Amino acid sequence: MHDTRRTVLKGIWAIGALASAAAAGLLSPVRAFAAWNKGAFEAKSAIDAMRALGMSSAEDSKAIQIRAPDIAENGAVVPIDITSDIPGTTSISVFIEKNPFPYTGTFDVSQGAIPYVHLRVKIGESSPVRVVVAAGGKHYTTAKEVKVTIGGCGG
Amino acid sequence: MRLAFVVTLACAALLLASCATPPRDYRPDALSLMQRDFHAKGIAGMDRLNEDSVQATCNKSQDNPPQEVADKLQKEQLAAVKWPADGKLLGDWKAGERIAQNGQGMAWNDKGGVGGSCYNCHQVGPRESSFGTVGPSLYQFAKKRGYSADIQRYAYGKIYNAKAYNLCSQMPRFGHVRALSEQQIKDLTALLMDPASPVNQ
Amino acid sequence: MRHALVLGLAAAISAAPWQQAAAQAADPTAAEFDKFREIMEQDNPAELFEAKGEELWRARRGPKNTSLEQCDLGLGAGVVKGAYAQLPRYFADVDRVMDVEARIVHCMMTLQGFKYEELAKQPFSSPVRTPEPVSLATYVAAQSRGMKIAPPQNHPKERDAYETGKAIFHYRAGAFDFSCASCHGEDGKRIRTQPLPNFTKPATAIAAVQGWPGYRMTGGVMHSLQWRLNDCYRQQRFPEPGYASETLSALLTYLTVNASGHVYRGPGIKR
Amino acid sequence: MADPMKIRATLQGDVADVRVLMAHPMETGQRKDAAGKIVPLHFIQTITAQLNGKTVFNADVSQAVSRNPVFAFKVKGAKAGDKLSITWQDNKGDKRTDEVVIGAGS
């Protein structure tokens, strides 16, 4: 399990490891909710979006739980439950790597919420769902593959 | 007098319990209601509500007509099959696979016939795991039955008019109603009969 | 998903989750779907339409500027609680059996002054528009959540509707020789990967009723049973049945009476 | 005019379990309408939750959130009778706020 996550992670990271290390030092690890981050939301790859958010140096973590179907009944509505057990978690970000615009959102739990969120998303084709958690000035990540199937009949 | 009255009452009670009368046939009620309530839309005209001889026979007998009636109608249906003039029954199995996958055609929002809807009801090729189970599996169709001219003719004929072989089969009569062209039926026949088709691997 | 749109053999009414589990116990894909069904049902966007329907029920609307609060759904004027569980039923004022949407349309016409032609023009939901009878039916159905399905069969016309509906269900015609029973008359069949519950038997007929009206994930729209039957007939390659017509009320009587005794769980969520 | 949200907030100890349904088309900008025309992007961008007027949860989201969105989150330090309000704003500037009183544990 752990190995799989590592491999997925490496795949994404290969391109931008250097740039992201630099970016991480410059940007505040706690996301400021000043403005909707257009650059990140319009990025066409997960790594570009993470870079725009200053999250691309995230370390692999087992303390983040993603509960999502292995095979989604309908890609238009895929339920995702995310819980972070990392002490001091301040935000949870979601990336659907194969979507045209992978960055799906950031949930700020630093002001009085528990590090948990449930959301439902559109997944265009089978894809890893990547989660990045900000905690104690650092970023942590894990991912879960969700398969999207061909439907039944048109009815 | 009194006795007669009692008897009449008893009869009425029996009638109310509906044990003295044969069950009422609701088909005429159903038909007139549908004739009144449906309307033509797109290519789906009101004539589609009319039963042809095969449909009527199957409807009236709950898909279980007397053997001699079925035999006679099957013969008529088989006689109406138009076999290819060039005598060739096998087209391109690759085109056949695409037709088998396609479930469109003949509905009120379609222009005409399009696909064969085969996977909706049958397992066909080995690579498609999303297949229905209303009809039997067609995987290894010719590998199991042989590649003879007779089996080729059966496959073509069955796709053209399933009712020519089994009167109340649930399968549509794709050639008979012009839902599929001669070439499309050849391609589907190839999908089932070509030794190179994935179906026979 | 693109794929799903082009498939279309025949009338498939999606099975309720437990039916799917029963039909495909050995299928790991179905088991995975079921695991997440409960989550989906817990927070179902159908509730938004239920709320909308309640608002519409109480609002003064139409040429007569009246609310629907005096609409008689079978249990007396204005009684909504439990009414859906006893529909379709016979209504003396129209001398026919009506299903929930037919009755709502009737009330919108008689109480509020709407015209049938207007209501029947675009009666089904799209991503941008949910017709009012659909939201209203969702509201009315939700007020029978947890109740036993018990459409009456006391009036002769209710029994006639059942028998006529049964005959309609089994009527094979059209370009593909299909009837409703072609897909929903046998146990354990499926179209592509979708289970085809047998509606002729009480144990499985509940799948025709449970979960309707339903929020459909594909397209994200709320649909009623009127829509479901309409789309079944499209895929059956028939001409189009009239919206809220007696034919559909009869068919719904047959299906719902077969499902009698099961507990209705409220508006649902569909694939 | 946006339709009301459906908010449920139930207590488990001093944590409020908040579940919200929002009525919104969440158009991706890729869907074509019946006439074949592209339906423009139209989606909720930000969500804010306040407990008795103090912000406790914030989210920025994209058009990948499903139509008629569903979210759930958990708020600490809540008690029965507290007011919980949720506001969303979309990319066209439309806004909607709804409020519930937190009920005792269910």
Side-chain angles (χ1 to χ4, degrees), chain C residues 1-2 4-6 36-59 61 121-132 134-136 138-139 142 145-146 213-223 227 231 234 266-271, chain D residues 1-10 12 16-44 47 49 57 59 61-74 84 86 88 90 92 94 96-100 106:
Chain C
M1 274 174 65
R2 232 169 302 126
L5 294 175
V6 300
F36 286 86
R37 270 282 164 165
E38 205 179 318
I39 294 173
M40 302 302 266
E41 283 175 10
Q42 188 184 351
D43 297 290
N44 181 353
E47 282 184 52
L48 295 167
F49 300 93
E50 183 185 327
K52 184 85 192 165
E54 182 169 12
E55 185 192 314
L56 287 166
W57 184 265
R58 302 225 159 100
R61 301 175 63 255
K121 208 171 165 190
Q122 281 188 302
F124 307 124
S125 302
S126 76
V128 292
R129 183 178 160 272
T130 306
E132 284 138 6
V134 175
S135 297
L136 284 161
T138 307
Y139 162 64
R145 201 179 265 122
Y215 181 76
R216 195 145 187 264
M217 294 186 238
T218 305
V221 289
M222 194 72 212
H223 278 312
W227 172 83
D231 205 54
R234 179 182 64 81
I269 187 157
K270 298 280 178 185
R271 188 179 190 287
Chain D
M1 254 297 279
D3 284 330
M5 282 174 245
K6 192 101 188 170
I7 306 172
R8 259 189 224 106
T10 48
Q12 280 154 3
D17 184 9
V18 182
R19 320 192 69 88
V20 55
L21 301 170
M22 302 170 178
H24 201 284
M26 298 302 288
E27 290 291 352
T28 59
Q30 288 169 13
R31 191 177 69 83
K32 284 179 182 165
D33 65 15
K37 268 180 60 182
I38 292 272
V39 180
L41 258 179
H42 184 204
F43 65 105
I44 290 174
I47 299 151
F57 177 85
V61 296
S62 80
Q63 64 272 30
V65 167
S66 305
R67 185 187 296 277
N68 297 316
V70 176
F71 293 101
F73 51 91
K74 296 178 188 210
L84 183 106
I86 298 177
W88 59 251
D90 71 19
K92 291 185 177 172
D94 286 340
R96 167 107 210 167
T97 301
D98 289 280
E99 188 177 85
V100 286
S106 63

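Because the structure is predicted, anything quoted here is derived from the model rather than measured. Proteins come first, then strands; the chains are lettered A, B, ... in the order of their sequence lines, and each starts at number 1.
- A donor-acceptor contact closer than 3.5 angstrom links the side chains of H24(D) and D90(D).
- The pair E50(C)-R145(C) meets the salt-bridge criterion, since a charged nitrogen lies less than 4.0 angstrom from a carboxylate oxygen.
- For the salt bridge (Lys or Arg N to Asp or Glu O under 4.0 Å) condition, the pairs that include at least one residue of residues 61-72 of chain D, sequence neighbours left out, are E27(D)-R67(D).
- Only the backbone of M22(D) comes within less than 4.5 Å of a heavy atom of chain C; no side-chain atom from C-beta onward does.
- For a heavy-atom cut-off of 4.5 Å, chain C lies close to R31(D) in residues 28-38 of chain D.
- Residues that satisfy the side-chain contact (heavy atoms from CB on, under 4.5 Å) test with S62(D), not counting sequence neighbours, are F41(A), T104(A), A64(D).
- With sequence neighbours excluded, the residues that form a salt bridge (charged side-chain N to carboxylate O under 4.0 Å, His left out) with R19(D) are D43(C), D17(D).
- Rounding to the nearest 0.5 Å gives a distance of 8.5 Å between CG of D98(D) and CD1 of I86(D).
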